[in-house]
*Asks:* 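My questions will all concern the structure given below.
Just follow the structure's listing: the first ligand is 1, and inside any ligand the first atom is 1.
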Amino acid sequence: MTRDPSHDILFQPLKIGPVETKNRFYQVPHCSGMGWRRPRALATMRGVKAEGGWGVVNTEFCSVHPTSDNDAYPYAALWDNDDIRAHRLMTDAVHAHGALAGVELWLGGGMVTNFGTRLPALGLRDRPQTDSSVLHPGQARKIDKQDIRDIRKWHRDAALRAVEAGFNIVYVYATHGYLLSEFMDPVNNTRTDEYGGCLENRMRLVRELIEETKDAVGHKCAVATRFSVGLDMPETYDAFAMIAELPDLWDLVVPDYGIEMGVSRFVKEASFTDHIAKAKGLTTKPVVAVGRFTSPDTMARVIRLGGQDLIGAARPSIADPFLPIKISEGRVDDIRECIGCNICYAHDSLGVPLRCTQNPTMGEEWRHGWHPEHVGVAAAASRVLVVGGGPAGLEAARVLGERGHRVLLAESARTLGGRITKEARLPGLSEWARVRDWRLRQIAKLSAVEVFLESHMTAPDVLELGVNHVIIATGAVWSSDTVGRHSDTGLEMEAAGQIINAETVLAGVAITAPHIVIYDDDHYYLGSVLALELRQKGHRVTLATPAGRSCDWGQWTTETEQSNAELTAAGVEILPNVMLSAAPKGAARLMNVLTGRVQDLACDAIIPLTRRLPVLSLYDDLQSQPAALKVAGIGSLIRIGDAEAPNIIAAAVQSGYRAAMDLGEDIDLAKKYGRREHSV
Ligand code: ADP
Ligand code: SF4
């Protein structure tokens with residue numbers, strides 16, 4: 001295949017200060033959940049990005065000194081020689097593929113707690129740590145003049161270490177609420193000396209750091225600055241204009257993380273390019289910006305229009321590390337497009353290596369040697385039956401087919417996709433369909449994979465197929481019994497008829513009940529999205545949850561606030577801190593989890609989202625017949641995805657991938673899945 005000539009612009013080299021990038025694909029600094037604790041995993045993951053064609057590959061935020069410590073969130077560090085050696089692993093891996101390596105030097109300011117080092121955090125004001133997801137009562141120490149001198153020295157020294165570690169781009173990180181944001185902020189910067197007051201004073205430390213970094217490493221490295229402009233904050237452009245010519249590269253974002261990093265429910269591709277283009281007009285230096293770009297046409301257009309010079313990507317590079325090469329080779333259909341679910345980011349925030357709904361190899365490049373493009377050929381080809389065409393079954397079938405097995409994929413329904421197909425129809429979730437569609441496109445290319453729709457499999461069907469292995473990916477269904485996180489026994493239901501199973505709504509079946517209570521003990525997006533769907537259909541909807549707010553788990557994916565705001569605007573009533581304790585006729589009995597107070601809320605129907613039950617009748621039936629399995633020549637029978645343990649979509653995809661990679665192998669779970677980086 002040949003490249004679309006309109007995409008050629010993406011492959012033009014670009015000078016960035018003293019270095020040059022080979023193309024316009026720029027992996028911006030992004031969290032990995034690996035940080036200084038997992039240098040090999042990190043280096044291998046970043047190396048795969050470089051192999052996939054990214055011209056620049058950056059680290060995550062990288063602390064310059066132990067007074068900036070973000071434990072328990074994983075972060076990078078450049079404090080000493082050991083860190084230099086650790087980063088060398090990454091820069092070598094990146095350079096091996098002709099890419100530039102960048103490091104985002106970071107000063108935490110009053111946003112961090114320094115849980116690890118137990119040194120006081122150095123913030124601009126006497127106030128508690130400002131990261132609202134931590135809410136620790138400790139406060140930062142208000143920095144004085146000597147601290148500022150120290151900070152400047154620490155930053156400079158870290159920049160010098162960055163050169164030793166082999167980096168080509170060194171950042172001054174002036175956004176996202178950390179120290180430099182505090183200085184620039186007109187409200188928070190209450191200093192009365194030359195670092196506070198007028199804009200020039202508030203910009204002083206940023207300016208000094210850029211100048212000093214250039215002075216220290218500018219002969220060899222480009223100096224980039226990550227900075228926020230736009231939205232309804234005109235001063236950000238004034239601030240930008242003051243230092244517009246100072247760095248060699250601008251990495252621009254908007255001053256709202258919910259937009260910059262928004263989930264696809266609320267923020268679509270290229271949603272703030274206008275704000276970036278306005279700043280671009282104020283500088284002659286190259287500009288990179290993100291926008292969850294997955295369409296090469298959009299990328300080429302943005303650059304052609306001159307709004308930015310480089311396509312910044314974190315999530316699109318996680319979902320598809322080989323995105324640049326695929327565009328280069330004209331294989332646009334092969335791009336595994338990010339769905340904007342933020343599961344990657346969520347797991348970094350939860351303190352573990354990132355993972356991706358679309359790319360099951362992400363984060364596992366070192367531990368398992370998994371690669372986003374190469375699955376290897378199986379030692380012996382087998383005939384494999386995969387039952388169920390949801391995300392787990394589709395991924396298993398794809399990878400098995402690519403590994404050289406003959407695959408029969410049987411699906412009861414008329415369409416593939418399982419839960420994806422049901423959920424992608426709901427408000428805001430259309431991009432979920434990419435999980436199914438990418439796999440369908442790949443499977444269509446594999447002659448070894450045969451798909452059978454409307455083929456509900458029973459044990460006798462399976463036994464007569466003549467396959468060597470059976471993979472059960474029959475998924476899970478929402479239960480009506482209301483057993484879940486907050487209930488061991490389920491409800492007393494005096495009027496069981498008023499309980500409506502969530503699967504009914506997912507199947508698009510019309511509901512007549514005027515007032516519906518969704519009891520959300522799932523805490524992720526589905527309760528909110530179903531509430532919205534029913535509200536849009538004209539129902540009165542109350543979302544009751546034992547958590548303090550709806551979509552509480554969405555705090556990790558950055559969607560809780562937008563989700564609650566959307567529901568409120570739509571007229572969904574949200575009842576936090578309540579547990580469903582009974583369903584008497586015509587009501588939902590709700591108990592306040594904090595006070596124990598019970599109230600009956602009149603309603604016509606209750607939809608519980610409390611647990612899903614694996615669909616295991618086929619698996620159980622087959623497993624109970626070992627002799628018949630043997631006679632049929634079936635060497636292994638396994639269940640995967642939601643049929644094994646209901647979980648997020650990313651887990652189902654990973655489960656399908658894992659099953660296909662491990663098929664027929666004698667796996668030592670402790671050795672393979674327990675592999676860690678020991679420092680001793
Ligand atoms: P997962 O997330 O684990 O992939 P899903 O629930 O999304 O699970 O998908 C499971 C799929 O399995 C559904 O599309 C369902 O129709 C299909 N399925 C369930 N039981 C059978 C069966 N006995 N034969 C064929 N397909 C089945
Ligand atoms: Fe995109 Fe979701 Fe993958 Fe993150 S986890 S890269 S948001 S698909």
Side-chain angles (χ1 to χ4, degrees), residues 30-31 33 261-265 267 269 292 294 313-321 323 336-348 354-363 372 385-397 408-424 431-432 434-436 438-439 451-459 461-462 470-478 503 506-507 556-559 612-622 639-656 659:
H30 73 72
C31 313
M261 185 61 200
V263 290
S264 59
R265 275 176 73 190
V267 183
E269 182 182 34
R292 208 164 52 78
T294 55
R315 289 171 290 175
S317 76
I318 292 169
D320 197 338
L323 181 147
R336 202 167 26 215
E337 291 178 295
C338 166
I339 69 165
C341 60
N342 283 2
I343 284 299
C344 45
Y345 179 70
H347 286 80
D348 170 79
L354 82 175
R355 59 216 54 200
C356 173
T357 303
Q358 275 284 51
N359 173 12
T361 67
M362 180 45 57
L385 171 68
V386 178
V387 185
L394 286 177
E395 180 68 355
L408 312 177
L409 172 62
E411 164 58 52
S412 309
R414 203 174 286 177
T415 48
L416 291 165
R419 65 179 287 193
I420 294 285
T421 299
K422 296 180 205 162
E423 293 183 19
E431 288 189 33
W432 265 217
R434 293 174 171 183
V435 175
R436 173 196 63 204
W438 181 78
R439 288 173 175 80
V451 178
F452 300 92
L453 296 176
E454 296 183 85
S455 302
H456 186 80
M457 301 301 285
T458 60
D461 299 332
V462 174
V470 177
I471 296 180
I472 302 292
T474 45
V477 289
W478 285 98
E503 294 294 336
L506 285 168
W556 307 113
T557 53
T558 71
E559 67 193 283
R612 289 188 288 152
L613 292 172
V615 176
L616 280 180
S617 48
L618 175 61
Y619 176 82
D620 290 343
D621 215 357
L622 288 168
R639 58 195 152 159
I640 64 169
D642 291 334
E644 183 177 25
N647 204 325
I648 56 175
I649 298 164
V653 172
Q654 191 264 4
S655 170

*Asks:* Could you tell me whether Pro391 and ligand 1 have an N or O pair separated by under 3.5 Å?
*Replies:* yes
*Asks:* Regarding Cys356, does it place an N, O or S atom less than 2.8 Å from atom 2 (Fe) of ligand 2?
*Replies:* no
*Asks:* Under the criterion side-chain hydrogen bond (donor to acceptor under 3.5 Å, both in side chains), I'd like the reasoning laid out for Thr458 against Asp461: C-alpha separation, chi angles, the key distance, then a yes or no.
*Replies:* CA-CA 5 Å; Thr458 60; Asp461 299 332; 2.9 Å; yes
*Asks:* With a cut-off of 2.8 Å, does any N, O or S atom of Cys344 fall short of it relative to atom 4 (Fe) of ligand 2?
*Replies:* yes
*Asks:* Considering only heavy atoms of Ile339, which atoms of ligand 2 have at least one such atom less than 4.0 Å away?
*Replies:* 1 (Fe), 8 (S)
*Asks:* Can you list the atoms of ligand 2 that are under 4.0 Å from a heavy atom of Thr357?
*Replies:* 3 (Fe), 5 (S)
*Asks:* Within the 4.0 Å heavy-atom shell around Asn342, which atoms of ligand 2 are there?
*Replies:* 2 (Fe), 7 (S)
*Asks:* Using a strict cut-off of less than 4.0 Å between a Lys/Arg side-chain nitrogen and an Asp/Glu carboxylate oxygen, indicate whether Arg414 and Glu454 qualify as a salt bridge.
*Replies:* yes
*Asks:* Please classify the Ala476 to ligand 1 contact at 4.0 Å (heavy-atom distances, strictly less than): side chain, backbone, both or neither.
*Replies:* backbone
*Asks:* Under 2.8 Å from atom 1 (Fe) of ligand 2, is there any N, O or S atom belonging to Cys338?
*Replies:* yes
*Asks:* Consider every N or O of Met457 and every N or O of ligand 1, then say whether any pair is closer than 3.5 Å.
*Replies:* yes
*Asks:* Which atoms from ligand 2 have a heavy atom of Gly340 less than 4.0 Å away?
*Replies:* 1 (Fe), 7 (S)
*Asks:* In this structure, does ligand 1 have an atom that sits under 4.0 Å from one of the heavy atoms of Ser455?
*Replies:* yes
*Asks:* Got an N/O contact under 3.5 Å between Val387 and ligand 1?
*Replies:* no
*Asks:* Go through Leu416 and Leu453 one step at a time and tell me if the side chain to side chain contact (heavy atoms under 4.5 Å, CB included) criterion holds.
*Replies:* CA-CA 8 Å; Leu416 291 165; Leu453 296 176; 3.6 Å; yes
*Asks:* For atom 21 (C) of ligand 1, find the nearest protein heavy atom and state the residue, atom name and distance (0.1 Å precision).
*Replies:* Ser412 OG, 3.3 Å
